[in-house]
Amino acid sequence: MRLTALFGEAFRLALWSLRANKLRTFLTLLGIIVGVAAVITVVTIIKGLDQTVANTFSSQGSTVFSVSKRPMVILSREDLVRFNKRKDVTEEDAEALARACSSCWRIGIAANSPNALVKYGDQKSENVLVRGISLSMFAIDDVNLAAGRTWTETEGAAARHVCVVGADILANLFGGASPEEVLGRTLRIAGQPFEIIGVAERLGSIFGFSRDNFVYIPYEAYRRVFGGRTSIIIFVQARNAEELEATKDEVRTIMRNRRGKTFLDEDDGFALETQDVFLDLYQKATSNIYLVTIGVAAISLVVGGIVVMNIMLVSVTERTREIGIRKAVGARRRDILTQFLVEAVTLTAIGGAIGVGLGFGTAYGLALVLGFPVLISVWSAVLGVGVSSAVGVASGLWPAWKAARLDPVEALRAE
Amino acid sequence: MNETTSTVADEVSSYGEILARDGVPAALISMRDIWRTYQMGEEQVHALRGVSFDVQRGEYVAIIGPSGSGKSTLMNIIGCLDTPTRGRYWINGKLVSEMDDDELARIRNKEVGFVFQTFNLLPRATALHNVELPLIYAGVPAAERHERAKRALMSVDLADRMTHKPNELSGGQRQRVAIARALVNHPSILLADEPTGALDTATSREIMNLFERLHAEGNTIIVVTHEPEVAARAHRIISIRDGRIEKDERIK
């Protein structure tokens, strides 16, 4: 009973002093607001990105892996030199897998030309990803068409100059024509004519990079146009996620045999990867962002805490007489201590709440601009307010203790 | 529950103390050879030099003396805001001269009602809230607190000013709020320090009349003052000079 009365009194006091000094309160809380807002913004944005990334990579699914000469992510020059010395991955490798690999469900091959020049009439587009693929790649990559069709086995084997294009091609070369309108038109890829027979559904962008700026052509046609001496990528799909590891092992064994590797050789001589490589890289990057943000937030919370402590000390000095009056009518040390602690915590908790609001607002605005979903998590809000309350306790303790120890006679004499 | 036991414990321990020395003082306030010494650098200043007196329940006492006589120090000790350097002091049979900070806070809360020259009201709180303050620290539930604070304000004729803040009240009204606050927890003594020092003559008279009425209702009142007119209202005058009692006379 006594405690509730005291907390009520302390809380009422806290609101009084907040209202009496609105500007001072705001300035006092700025550090805490910024710290909490920064964390909330970053956490919310990364949550949204996680969602986007998860959706993106799940399109190929967790049953697909690739076999290539070089891994997708190379972290050093020494590695690059080493990987370049490896044997190329070839069509023969793919054929061998198709023959020998019993657990492989689908096998596809792809060769990429990432910065090809594509023209239509006098329109041209650079930096188009031109991909020569086997027909099975449409199934492995789960490509859905907005219009038209894929090529047939016969067309593929005959190296016919046909292509399936991404949505960006329509925007960049056809002035935003509809998918149906561009069917039958002829593009020039590396100077050669290719007829558009299909348009893929829009995939959208990730981290600001479009995933729709591509042209798929039959692998046989690709080889004739771009030459056959590049290393290809073999994509293998297992029947289901449970069999993925077994399938990878089988493919690894077959490929090592073909490269003449014994169990003594540490290096496979090829890279066998799932899209987890990208996920790992992404997670590494975001965990670094988290760390930096937490560092920044910690600094602003410490600075914010010092500011709050300073203002609480001022408040104790200003209210020395009030403390004297309270002691004269029966307040004990712990009553005064409680009063100032509750005041400090109320102050910083409000700062934390403002920070949470500001953080969600900023994240929402950024998400709107950059185009990914906003995931507001309750725990980050609770944590934001909780941590700033803890800062309030830490920075309020000393001023409150000073107030509690004041001598009543001295305090009553103060102006 | 707790409060009862601690009160009993206080009484038991002070009872033991008393038995070991010179018997239980029957008076409401009992001071024996009170000294208060301040250390001013190298020098020791004796504000009180062996003050002894008793005040019985229901008395109306004025403590007078020139400035620097030690009467403020004496008032602080009577009100348990300060503790004597030497000597023993009982309120209501409790030996307060040996108490620690928190025990003294409890005595100030339960046994003493202060009225100050400068009123000492919380400026941001309403009259009602100011009067409730001692009850908050006594742990009185909110509903009872409001009720008692209202009754205290009514008893000083401020029923219509409860929601006003101190700066919306006249000096006399402020002092009456302070008196209501002093009385709200039914203390053993009402201790007033120059209660009319900041008031004009007419208002002073009004406040002194109120004191007289409160005395008639059975309250024990101690007024510290240097104004002869104020002291003349009391039934007994204790004169302090140079830290000692110079005169202690009953005038009514």
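When reading the values below, keep in mind they use all heavy atoms of this one structure, side chains included, and skip hydrogens, waters and symmetry mates. Every chain is numbered from 1, with letters handed out A, B, ... down the list of sequences.
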Task: CH2 (A/Trp16) with more than 12 external heavy atoms under 6.0 Å - done: yes
Open item on the list: So for A/Arg12, is it side chain, backbone, both, or neither that comes closer than 4.5 Å to the heavy atoms of chain B?
Closed with: side chain
Task: Close approach to chain A in residues 39-51 of chain B, criterion heavy atom under 4.5 Å - done: none
Open item on the list: Taking CZ in A/Phe11 as the centre, count heavy atoms belonging to other residues, nucleotides or ligands within less than 6.0 Å. Is the count above 12?
Closed with: no
Task: B/Asp242, CG: over 12 other non-hydrogen atoms inside 6.0 angstrom - done: no
Open item on the list: If I compare all heavy atoms of A/Gly330 with all of B/Tyr137, which pair ends up nearest, and what's the gap?
Closed with: O-CB, 3.8 Å
Open item on the list: Please identify, among A/Pro408, A/Gly324, A/Ala328, A/Gly8, the residue contributing the most non-hydrogen atom pairs under 4.5 Å to chain B.
Closed with: A/Ala328
Open item on the list: Is A/Arg333 in contact with chain B via its backbone, its side chain, both, or neither, using a 4.5 Å heavy-atom distance?
Closed with: both
Open item on the list: Pair B/Arg181, A/Ile325 - check side-chain contact (heavy atoms from CB on, under 4.5 Å), show working.
Closed with: CA-CA 11 Å; B/Arg181 179 181 66 188; A/Ile325 296 170; 3.5 Å; yes
Task: Closest heavy-atom pair and its distance - A/Ala331, B/Ala105 - done: O-CB, 3.6 Å
Task: Contacts with chain A made by residues 116-124 of chain B (heavy-atom distance under 4.5 Å), listed by residue number - done: B/Phe116, B/Thr118, B/Asn120, B/Leu121, B/Leu122, B/Arg124
Open item on the list: With a sphere of 6.0 Å drawn around OH of A/Tyr290, does it hold more than 12 non-hydrogen atoms of other residues, nucleotides or ligands?
Closed with: yes
Task: Close contacts, residues 347-365 of chain A versus chain B, judged by heavy atoms under 4.5 Å - done: none
Task: chain A contact via B/Ala125 - which portion, at a heavy-atom distance below 4.5 Å - done: both
Task: Residues of residues 72-80 of chain B near chain A, each having a heavy atom less than 4.5 Å away - done: B/Asn76
Task: Under 4.5 Å from a heavy atom of chain B, the part of A/Glu410 involved - done: neither
- [ ] For A/Val329 and B/Arg108, run side-chain contact (heavy atoms from CB on, under 4.5 Å): C-alpha distance rounded to whole Å, both residues' side-chain angles, the deciding distance at 0.1 Å, then the answer.
- [x] CA-CA 6 Å; A/Val329 302; B/Arg108 290 197 293 269; over 6 Å; no
Open item on the list: Any heavy-atom pair between the side chains of A/Arg334 and B/Asp102 that's under 4.5 Å?
Closed with: yes
Task: Closest non-hydrogen atom pair between B/Leu81 and A/Leu412, with its separation - done: CD1-CD1, 3.8 Å
